[in-house]
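Chain naming here is simple, since letters A, B, ... match the order of the sequence lines and numbering starts at 1 in each.
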2 protein chains.
Amino acid sequence: MLMHNPPHPGEVLRELCLEPLGLTVTAAAEALGVSRKTLSAVLNGKAGISPEMAVRLSIAFDTSAESWLNQQSQYELWHAEQHRKELNVKKLVAA
Amino acid sequence: MLMHNPPHPGEVLRELCLEPLGLTVTAAAEALGVSRKTLSAVLNGKAGISPEMAVRLSIAFDTSAESWLNQQSQYELWHAEQHRKELNVKKLVAA
DNA sequence: GTACCCTGTAACGTATCAGGTGTCAAAGCG
DNA sequence: CGCTTTGACACCTGATACGTTACAGGGTAC
């Protein structure tokens, strides 16, 4: 299982896509077809990477949409696991 | 890429977890700690598998939360890909 | 027929969240 | 000093996950 808090996918996005290309948030947002705020929110961890956003990233940066979505899933899953004991779930099959 | 419409993860859940164990929706919902309506919505494709639900499933059925979440991601991604051409995204790196 | 259980679903309210528009502070440039 | 650009924030909207309650329909047992 994941032991440590994974970084926001937006953090990875900034380091792996924007910075290497010297792209500003405004320029990247325009290319992606979203508002500056929307991209800004993603980059700062205020919003996740939606399936639609993953497709946008895959087109603009010629990457895999799945990888972005998987990163997002792992991030959300890690946070959900932190509340595992409060879920009050009964086991239906033996562990 | 995915060529065909993937099934709702809820459909898989019903066939792989509920039916083999002879579980009713009511019984499974109670064990999972959610309302019958919530589980029913998932099973019938009216709702997706949330990260929290994935953790619930992993506990109750001793399965991988990741696999459920990945199925959900693939499902959402396939639908998002269907609108790829309407997104108006500019390529920032060569394909 | 009557009673009971299981199911799906509609209506209502809650919380969360992606996204857009508008505004504002800070930094760069004439 | 102005002025543009950039990036972050506040507010509103639409969608969704979840809960409760209630209803209609199909079984099955009595």
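- Distance check, rounded to the nearest 0.5 Å: CD of B:Gln72 to OG of B:Ser67 gives 12.0 Å.
- Rounded to an integer number of Å, the gap from CD of A:Glu52 to P of D:dG14 is 17 Å.
- Distance B:Asn88 CG to C:dG20 C1': 16 Å, rounded to the nearest Å.
- Residue B:Thr26 places at least one side-chain N or O under 4.0 Å from the OP1 or OP2 atom of C:dT7.
- Side-chain contact annotation: A:Thr63 with A:Trp68, donor-acceptor N/O pair under 3.5 Å present.
- In the set D:dT20, C:dG8, C:dG20, D:dT20 carries the atom at the smallest distance from any side-chain atom of B:Lys37.
- The shortest distance between the side-chain N/O atoms of B:Ser50 and the OP1/OP2 oxygens of D:dC18 is below 4.0 Å.
- The shortest distance between the side-chain N/O atoms of A:Arg14 and the OP1/OP2 oxygens of D:dG7 is not below 4.0 Å.
- Residue contacts shown for A:Val42 are absent, as no nucleic acid heavy atom lies under 4.0 Å away.
- When A:Thr38, A:Val42, A:Ile59, A:Leu57 are each tested for a side chain to side chain contact (heavy atoms under 4.5 Å, CB included) with A:Leu32, only one passes: A:Leu57.
- The separation between B:Leu39 atom CG and C:dC6 atom C1' is 13 Å, rounded to whole Å.
- For D:dC18, the OP1/OP2 oxygens have no side-chain nitrogen or oxygen of B:Ser35 closer than 4.0 Å.
- Contact annotation: A:Thr38 side-chain N/O to C:dG20 OP1/OP2 distance is under 4.0 Å.
- One interatomic measurement links the two molecules: NZ of B:Lys46 to P of D:dG19, which rounds to 17 Å at whole-angstrom precision.
- Rounded to a whole Å, the CD atom of A:Gln72 is 14 Å from the C1' atom of C:dT16.
- In plain terms, the two heavy atoms of B:Thr24 and B:Ala27 that are nearest each other are OG1-N, 3.0 Å.
- Distances were taken from every side-chain heavy atom of B:Asn44 (C-beta onward) to each of C:dG8, C:dT7, C:dG20; the shortest belongs to C:dG8.
- Within 4.0 Å of B:Arg56, counting heavy atoms only, lies no atom of the nucleic acid at all.
- Whole-Å rounding puts the B:Glu30 CD to C:dC5 C1' distance at 14 Å.
- Contact annotation for B:Thr24: backbone-only contact, meaning every heavy-atom pair under 4.0 Å involves sugar-phosphate atoms and none involves a base.
- Around atom CG of A:Asp62, more than 12 heavy atoms belonging to other residues, nucleotides or ligands sit under 6.0 Å away.
- What separates CG of A:Leu43 from P of D:dC9 is a distance of 12 Å, to the nearest Å.
- To the nearest angstrom, P of D:dA24 lies 15 Å from CZ of B:Arg36.
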